[in-house]
Amino acid sequence: MSFTLVIHGGAGNITPAIMNKEQEEQYTEGLKQALDKGYSVLHGGGTAVDAVVTAISVLEDNPLFNAGRGAVFTKKGLNEMDAAIMDGSNLAAGGIAGVRNIKNPIKLAKEVMLHSGHVFLSGSGASEFALNQGIEMAPDEYFFNKSRYDQWIEIRDSDFYQLDHKEDNLKGPLPNTDHKFGTVGAVACDIHGNLAAGTSTGGMTNKRFGRIGDSPVIGAGTYANNKTCGISCTGHGEYFLRAVVAYDVSCLMEYRGLSLKEACATVVKDKLVKFGGEGGLIAVDAQGNFDFCFNSAGMYRGMRNSKGEEIVAYYGL
Ligand code: ASP
């Protein structure tokens, strides 16, 4: 039986002009590590859910990415994280929003899916649940990252909030924005033809008021259904929420009979572009077909499957 794993590490203004050789090597290494760990779960007959959790956990542990350890800073200088996972075999789902000090938010999302009796937990309640379930916590220092901190310091006294991808904000372009990227996601099809999708993020630098993006919202940033596809999104969450991106791709396949590629292109390159939403997604269907689709300059991405194919890339096609 065949199996496929795709991952992303964020989409945005990713061009050769902002990456040097060393950075390219670091990102390649980070993406490959996640692919290899997730792949070995699938190769060993493990489930799509476990492959997704494994791959995302590796990315969360890597400070290069805006998730887990590398999460960006909020207006108050905190790290508040969102994550979700969905099992396409039974439409079970778990999401968490605005959590702090959770080492691997994707593991907590899985725990919510399996053991909370709910789908979506937030803030202090999610933390209480994490403690009850024995989820690993980490102190504030674990999440301190100099470059993300500097990124926040530049705008903390303004009302700007910044997508980790580019100079997006409430009030127009920010001066001197450095380009950092990094929400993470994974989608897998296992040997049984079951799909799963997960996404994990620190959200947007300088975000306020408990802002939640699309990543942990089932149907917006994350969705999986064996009948259609698994999807994990990355981009300006406000647009992805309003366009219900992940579910829209699934609906185009289910109700209009579009192929995976056609459905992804319709949503990302047509609907989202007209709407002004920048970003992209990764997708896999139950036959193991995959797609990377983005309307930004680039997207950190990777794929490894049972045919022996492997891709790691960042720039536009
Ligand atoms: N979509 C995420 C959010 O808006 C950000 C990202 O993809 O980098 O929170």
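Indexing begins at 1, ligand by ligand and atom by atom, following the structure's order.
A cation-pi arrangement is absent between R211 and F209 under the rule of less than 6.0 angstrom and at most 45 degrees off the ring axis.
When E278, K207, R211 are checked for heavy-atom proximity to atom 3 (C) of ligand 1, R211 turns out nearest.
In terms of polar-atom proximity, T183 is counted as a contact of ligand 1, with an N or O under 3.5 Å from an N or O of the ligand. By the 3.5 Å distance cut-off applied to N or O atoms, G203 is not counted among the residues near ligand 1.
Proximity to S215 (heavy-atom distance under 4.0 Å) selects the following atoms of ligand 1: 1 (N), 2 (C). Those atoms of ligand 1 that come under 4.0 Å of a heavy atom in T234, given as number and element, are 6 (C), 7 (O), 8 (O). Those atoms of ligand 1 that come under 4.0 Å of a heavy atom in G235, given as number and element, are 1 (N), 2 (C), 3 (C), 4 (O), 5 (C), 6 (C), 7 (O). Ligand 1 places these atoms under 4.0 Å from at least one heavy atom of D214: 1 (N), 2 (C), 3 (C), 4 (O).
Residues N104 and D61 bring a donor and an acceptor atom of their side chains to less than 3.5 Å of each other.
In this structure, K207 contributes its side chain and G213 its backbone to no donor-acceptor pair below 3.5 Å.
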Show, in sequence, the C-alpha distance, side-chain angles and deciding distance for E24 and K21, and conclude whether the salt bridge (charged side-chain N to carboxylate O under 4.0 Å, His left out) test is met. CA-CA 5 Å; E24 284 185 353; K21 265 262 136 352; 3.5 Å; yes
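Taking the six-membered ring where the residue is Trp, Y300 and Y27 present parallel rings, their angle staying beneath 30° rather than reaching 60°.
You'll find the side chain of H236 stays beyond 4.5 Å of the side chain of L272, heavy atoms only.
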